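Take a look at the structure below.
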Amino acid sequence: MIIEGFTYHRVPVGDGVSLSAAVAGEGSPIVLLHGFPQTHLMWRHVAPELAVGHTVICPDLRGYGASDKPAETGPATYAKRTMAADIIALARALGHERFALAGHDRGALVAFRAALDHPAAVTHLACLDVLPTLDMWEALHGVTAAVGFHLYLMAQPPGLPERLIAADPDAFFGHFLDTWTGDPQAIPAGVRAAYLEACRHAIPSIVADYRASAGIDIEHDRADREAGRRLRMPVTVLQQDWGAALGYDAAALWRAWATDLRHATVGLGHFMAEEAPADIVKALRELLER
């Protein structure tokens with residue numbers, strides 16, 4: 001499946017890795033990064049609207065969809081720092097030294113890291129329904145952490161999680177597609193099938209992405225926290241009210257990272273760009289005007 005009206009490119013980003021990216025529109029650029037267990041198709045409603053007035057770039061992340069899936073040779077292969085560098089290289093290859101960046105779920109973690117590591121390149125940042133990696137792990141505790149069982153499963157050393165997920169990938173990935181959305185119609189059958197097909201062919205790389213978030217990504221976040229590094233560009237964060245269930249103040253956690261933050265708790269499912277695309281378009285346009 002494709003996003004209608006978008007042109008597809010295959011772009012080398014370094015170390016023998018190429019990303020697949022859909023591009024359309026004219027004007028100031030914005031890069032949209034997808035989450036788990038999705039591909040760039042999650043932006044199929046949002047991207048065409050933003051392309052009226054902006055150049056919109058929707059890649060599949062390293063390890064997902066039609067992008068390359070290098071074998072995990074060490075923690076750095078799927079570190080968010082590495083995946084963020086992919087996005088910087090992608091934008092530059094397409095002619096953009098500076099751009100706005102919006103991410104959902106895993107893509108938001110990549111966007112967060114890109115904004116910290118490359119502040120001169122990222123003009124605006126939006127993160128949908130995540131906490132920074134270090135804060136996420138610190139917020140999970142007790143039986144309430146069962147909602148994040150997949151985080152613990154995919155944090156295990158190579159071998160076991162891949163085998164368990166491969167035993168029934170549609171059941172595993174489908175669980176999240178079915179239970180994390182507030183509106184079951186937001187992900188129609190054809191899109192759901194496309195997501196599951198993509199995930200079936202990406203189990204090792206998806207697990208490696210999550211494994212990095214239980215190790216090297218925490219190290220990078222902790223180093224930045226201890227050094228006092230913060231996001232200086234305008235930042236918008238939209239989240240479900242997980243803090244009420246897990247006992248944390250999401251806005252306060254984000255304020256520790258961002259000097260110009262607009263944080264909102266929304267009554268939407270996790271896949272909010274598919275469930276309420278008009279709301280997401282509005283929030284992104286408001287961000288881009290700041």
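When a residue number appears, it is its place in the shown sequence, counting from 1. Note that the coordinates shown come from a computational prediction; the quantities given were computed from them, not determined experimentally.
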Distance (rounded to the nearest 0.5 Å) between [X] [atom1] and [Y] [atom2]:
| X | Y | atom1 | atom2 | result |
| --- | --- | --- | --- | --- |
| Tyr8 | Cys58 | OH | SG | 7.5 Å |
| Leu177 | Leu196 | CG | CG | 5.5 Å |
| Leu32 | Leu284 | CG | CG | 7.0 Å |
| Ser28 | Leu288 | OG | CG | 6.0 Å |
| Leu61 | Ser205 | CG | OG | 10.5 Å |
| Asp60 | Asp86 | CG | CG | 12.0 Å |

(message) One pair to check against side-chain contact (heavy atoms from CB on, under 4.5 Å): Ile30 and Ile57. What are the steps and the verdict?
(response) CA-CA 6 Å; Ile30 180 168; Ile57 303 167; over 6 Å; no

Using modelled atom types only, decide if a donor and an acceptor are shared between the side chain of [X] and the backbone of [Y] within a distance under 3.5 Å.
| X | Y | result |
| --- | --- | --- |
| Glu275 | Gly269 | yes |
| Arg44 | Ile3 | no |
| Arg232 | Pro119 | no |
| Asp249 | Ala251 | yes |
| Thr259 | Leu231 | yes |
| Asp260 | Met233 | no |
| Thr265 | Asp241 | no |
| Thr82 | Tyr78 | no |

Decide yes or no for [X] and [Y]: does some side-chain heavy atom of the first lie under 4.5 Å from some side-chain heavy atom of the second?
| X | Y | value |
| --- | --- | --- |
| Phe112 | Asp221 | yes |
| Pro158 | Glu72 | yes |
| Leu125 | Thr236 | no |
| Leu151 | Leu140 | yes |
| Val31 | Pro59 | yes |
| Ser20 | Arg10 | yes |
| His104 | Met42 | yes |
| Leu261 | Val237 | yes |

(request) With Gln239 as reference, evaluate His263, Met272, His270 under the side chain to side chain contact (heavy atoms under 4.5 Å, CB included) test and give the passing residue. (result)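 Of the listed options, the one satisfying the test is His263.
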
(request) Test Met154 against every option in Val207, Ile203, Leu160 by the side chain to side chain contact (heavy atoms under 4.5 Å, CB included) rule and name the one that passes. (result) Val207

Basic-acidic side-chain contact under 4.0 Å: [X], [Y]:
| X | Y | answer |
| --- | --- | --- |
| Arg113 | Asp224 | yes |
| Asp209 | Arg106 | yes |
| Arg290 | Glu286 | no |

(message) Walk me through whether Glu97 and Arg92 qualify under side-chain contact (heavy atoms from CB on, under 4.5 Å).
(response) CA-CA 5 Å; Glu97 292 292 329; Arg92 286 176 177 164; 3.3 Å; yes

(request) Tell me, yes or no, whether the heavy-atom count around Trp137 atom CH2, taken from other residues, nucleotides or ligands under 6.0 Å, exceeds 12. (result)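 It does: Trp137 CH2 has more than 12 such atoms within range.
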
(message) Determine whether Tyr210 and Phe36 satisfy the following criterion, ring pair (Phe, Tyr, Trp, His ring centres under 6.0 Å), listing intermediate values before the conclusion.
(response) CA-CA 10 Å; Tyr210 273 86; Phe36 162 91; 5.1 Å; yes

The criterion is salt bridge (charged side-chain N to carboxylate O under 4.0 Å, His left out); which residues satisfy it with [X], sequence neighbours excluded?
| X | value |
| --- | --- |
| Glu162 | Arg211 |
| Asp105 | none |
| Asp178 | Arg192 |
| Arg200 | Asp170, Glu197 |

(message) When you compare the side chains of His45 and Glu274, does any donor N or O come within less than 3.5 Å of an acceptor on the partner?
(response) no

(request) Mind jotting down which residue pairs meet the salt bridge (Lys or Arg N to Asp or Glu O under 4.0 Å) criterion with at least one end in residues 122-135? Sequence neighbours excluded, please. (result) Asp135-Arg225

(request) Using the side-chain contact (heavy atoms from CB on, under 4.5 Å) rule, take Phe172 and Leu164 through it: C-alpha gap first, then chi angles, then the decisive distance, then the call. (result) CA-CA 9 Å; Phe172 179 75; Leu164 293 177; over 6 Å; no

(request) Consider only side-chain heavy atoms of I, L, V, M, F, W and Y, link residues closer than 4.5 Å, and tell whether Leu287 and Val52 are in one cluster. (result) no

(request) Check whether Leu109 and Ile216 end up in the same hydrophobic cluster, where Ile, Leu, Val, Met, Phe, Trp and Tyr are linked by side-chain heavy atoms less than 4.5 Å apart. (result)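 Different clusters.
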
(request) Please lay out, stage by stage, how Phe6 and His40 fare under the test ring pair (Phe, Tyr, Trp, His ring centres under 6.0 Å). (result) CA-CA 12 Å; Phe6 277 62; His40 75 286; 8.6 Å; no

(message) Run Val56 and Val23 through side-chain contact (heavy atoms from CB on, under 4.5 Å) and show every step you take.
(response) CA-CA 6 Å; Val56 180; Val23 182; over 6 Å; no

(request) Assess whether ring pair (Phe, Tyr, Trp, His ring centres under 6.0 Å) is satisfied between Trp180 and His150, documenting all intermediate values. (result) CA-CA 13 Å; Trp180 284 359; His150 60 301; 5.3 Å; yes

(message) Please give me the minimum heavy-atom distance between Arg98 and Ala120, naming the atom from each residue.
(response) NH1-O, 2.8 Å

(message) Restricting to non-hydrogen atoms, name the atom on Gly190 and the atom on Met1 that form the minimum distance, rounded to 0.1 Å.
(response)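 Taking Gly190 first and Met1 second, the nearest heavy atoms are O-SD, 3.4 Å.
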
(message) Exactly one of Phe271, Tyr195, Trp43, Tyr64 should register a ring pair (Phe, Tyr, Trp, His ring centres under 6.0 Å) with His34. Which one does?
(response) Tyr64

(request) Can you sort out the partners of Tyr248 under ring-ring contact (aromatic ring centres under 6.0 Å, His included), two or more places apart, ordered by chain and number? (result) none

